[in-house]
Enquirer: 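Structure below; questions to follow.
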Amino acid sequence: AQAAQPERGTYIVHVAKSEMPQSFEHHTLWYESSLKSVSDSAEMIYTYDNAIHGYATRLTAEEARLLESQSGILAVLPEMRYELH
Amino acid sequence: TTRTPQFLGLDKSADMFPESSSASDVIIGVLDTGVWPESKSFDDTGLGPVPSSWKGECEVGTNFSASNCNRKLIGARFFAKGCEAMLGPINETEESRSPRDDDGHGTHTASTAAGSVVSGASLFGYAAGTARGMATRARVAVYKVCWKGGCFSSDILAAIESAIQDNANVLSLSLGGGMADYFRDSVAIGAFSAMEKGILVSCSAGNAGPSPYSLSNVAPWITTVGAGTLDRDFPAYVALGNGLNFSGVSLYRGNALPDSPLPFVYAGNASNATNGNLCVTGTLSPEKVAGKIVLCDRGLTARVQKGSVVKSAGALGMVLSNTAANGEELVADAHLLPASAVGEKAGDAIKKYLFSEAKPTVSILFEGTKVGIQPSPVVAAFSSRGPNSITPQILKPDLIAPGVNILAGWSKAVGPTGLPVDNRRVDFNIISGTSMSCPHVSGLAALIKSVHPEWSPAAVRSALMTTAYTVYKTGAKLQDSATGKPSTPFDHGAGHVDPVAALNPGLVYDLTVDDYLGFLCALNYSASEINTLAKRKFECEAGKQYSVNDLNYPSFAVLFESGSGSGVVKHSRTVTNVGPAGTYKASVTSDAASVKISVEPEVLSLKENEKKSFIVTFSSSGSTQDRVNAFGRLEWSDGKHVVGTPISINW
């Protein structure tokens, strides 16, 4: 029997870019590395550099919690829905 | 926008705004439902080459190619990955996976901000005239972020990311979400980055009025726009069988009703449902409404949806009555059947007739378009209201602009009601909301920017706010549609925008990124929260006294902390003279008898471009009984300019 998969949601991951370890040549490589450390399957939906420093991805709540505890991660905020006025 | 340019005085002052390259170098980015590029509002006749600073693109997708862009519509992108991650792939048989607008809202807002001049515009003959955006020569870049499933924060951030890279000058966002701290709100976060790059971000205040604390988009680096009425109306009289006549509004055009009065029925008496009065789908009994005119109460479902329900039940017409939630505000709709919307008082009187008359009858008389309606503007009942629930010391909304019954471009993918059953197609539609007032201010900000390209976003906003008006030409105070009484700064902010006066404001209250960082320190944000919001490692100075009251904002929201009725609150401000050298004198008016307001110094002599600071002291001596909201105004004047700032006081 297949175990129920934990539900994934979209999160916006805010990163302290200035804390990027020198071993990374580009910030996107650092983002990918930190994402891989909490999830084998999660992919980046967007990477941002002007509006925020960070990226959007799909995670389980547990993965989001783990990611948020990592060094250099400022916040992992759930996707919000806005409405036209 | 066949009326707003005249209403705002733009027609008489055309020579004050440049026709040349400076006006056409300004680029307005509109984050919305996309664009209908074939709309005449995006005709590029007379526009020169695309500004060399522009780095945007015209993205290809469903029913949209690069050739859909031109010298007016210079950019069109779409952002669907966040929506698709949440809801699955966009169903391309239902909506275009491209910048194309299948909704109409985005075409309406973009054409309001910067649409080209289109003569012969109207909706079924209503509001006929020459339609034009506020900044007719500005360029438009469209960023589609809203889909049938909603507008998602990851897509909005991606659009702001692109707009910054593309070099847009003004961003217009007619959307909002819940109330969240600035460091959790993607629009506030993205807007901070845009502001930092010199981009003015104008957002709608929301349509959750008249409830207090109902604002969205309240970050101080955002220009928050509420809505007011125009001096235009679309009367449709409701004539009862007893001879009484009530004023309503309508945009209906189609088969006329019979000349003789028709049987009239209250929806609540033509339904077995407990909420039958609301004309919700499936609640009307066809045998009780067929061949009649039905009175429905507003609430729960869209106004035009009620018209569709009434029509499909076999009725011939509808009277739509406001309830206490909407008061006397009349919002016109292009209903699918003959219909008139009436205010609460008229609705109550009509219901009295319906309940007392054995065989009630009614006629609806459509009168077309009327202009010169007074008083106007009136704050729209739906326009969201202060106080600011995130930072009560920052007064929001910033100002109001036209947002009721606005005609502007529309998508040919959808009818004017937006209902799937509406097969009508129109070039222009008339709709209402702070979504409509926001792009008015975006376009006006672009105009100011074209005249004063060196001004910061805060300086442009300050000019728009300090020159806004709060009284009619008669001297009477602006009214609130929700109450019929004078509106307050919690309703109208600094007042109604006056773009011609804003070109020459005399003094401005300017703000830099550092000022906003100090504001975040005053909010006791942690280093991590500031980094999330402002993308930088910033440490608030340990020994420094930061105060929200000292943010150089062009308004004063005075908050006496609870505990006692008395207290002293000081706000410091710095003005920059953007006009010729002059001596400005302060004057304060207030309706708060128990609060003494003093300005130090009372006179400021400023050279051109000189900055000078002053302190306003608010001393409350009131008892607990006096602890209600109070309002006032501080004006600096050199005899030629009046630099007005609203004051709100609460305990």
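Below, chain A is the first sequence line, B the second, and so on; all start at residue 1. Atoms considered below: every heavy atom in the structure, side chains included; atoms not considered: hydrogens, waters and symmetry mates.
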Enquirer: Between Ala56(A) and chain B, which part of the residue has a heavy atom less than 4.5 Å away: side chain, backbone, both or neither?
Expert: side chain

Enquirer: Check whether more than 12 heavy atoms from other residues, nucleotides or ligands sit under 6.0 Å from atom CZ of Arg58(A), and answer yes or no.
Expert: yes

Enquirer: Side chain, backbone, both or neither: which part of Ile156(B) has a heavy atom under 4.5 Å from chain A?
Expert: side chain

Enquirer: Check each atom of Leu77(A) against the heavy atoms of chain B and say whether the ones under 4.5 Å are side chain, backbone, both or neither.
Expert: side chain

Enquirer: Looking only at heavy atoms and a cut-off of under 4.5 Å, which of Gly149(B), Cys438(B), Ser162(B) has the most pairs with chain A?
Expert: Gly149(B)

Enquirer: For Arg81(A), is it the side chain, the backbone, both, or neither that has a heavy atom closer than 4.5 Å to a heavy atom of chain B?
Expert: both

Enquirer: Identify which of Asn207(B), Thr532(B), Ile164(B) forms the greatest number of heavy-atom pairs closer than 4.5 Å to chain A.
Expert: Thr532(B)

Enquirer: I want to check something: taking the side chain as every heavy atom from C-beta on, are Asn50(A) and Ser193(B) in contact at a cut-off of under 4.5 Å?
Expert: no

Enquirer: If you count heavy-atom pairs under 4.5 Å with chain A, which of Asp32(B), Val187(B), Leu533(B) comes out on top?
Expert: Val187(B)

Enquirer: Which answer fits His85(A), side chain, backbone, both or neither, if we ask what part of it has an atom under 4.5 Å from a heavy atom of chain B?
Expert: both

Enquirer: Is the count of non-hydrogen atoms from other residues, nucleotides or ligands lying under 6.0 Å from Glu84(B) atom CD greater than 12?
Expert: yes

Enquirer: Just checking Glu43(A): does its CD atom have more than 12 heavy atoms from other residues, nucleotides or ligands closer to it than 6.0 angstrom?
Expert: no

Enquirer: Given that the side chain runs from C-beta out, which part of Leu84(A) has a heavy atom under 4.5 Å from chain B: side chain, backbone, both or neither?
Expert: both

Enquirer: What part of Tyr46(A) lies closer than 4.5 angstrom to a heavy atom of chain B: side chain, backbone, both or neither?
Expert: side chain

Enquirer: List the atom of Glu79(A), the atom of Ser154(B), and the distance in Å for their closest heavy-atom pair.
Expert: OE1-N, 2.6 Å

Enquirer: Would you say the side-chain atoms of Tyr82(A) and Asp185(B) include a donor-acceptor pair closer than 3.5 Å?
Expert: yes

Enquirer: Quick check on the interface: out of Gly433(B), Ala158(B), Cys83(B), who has the most heavy-atom pairs with chain A under 4.5 Å?
Expert: Ala158(B)

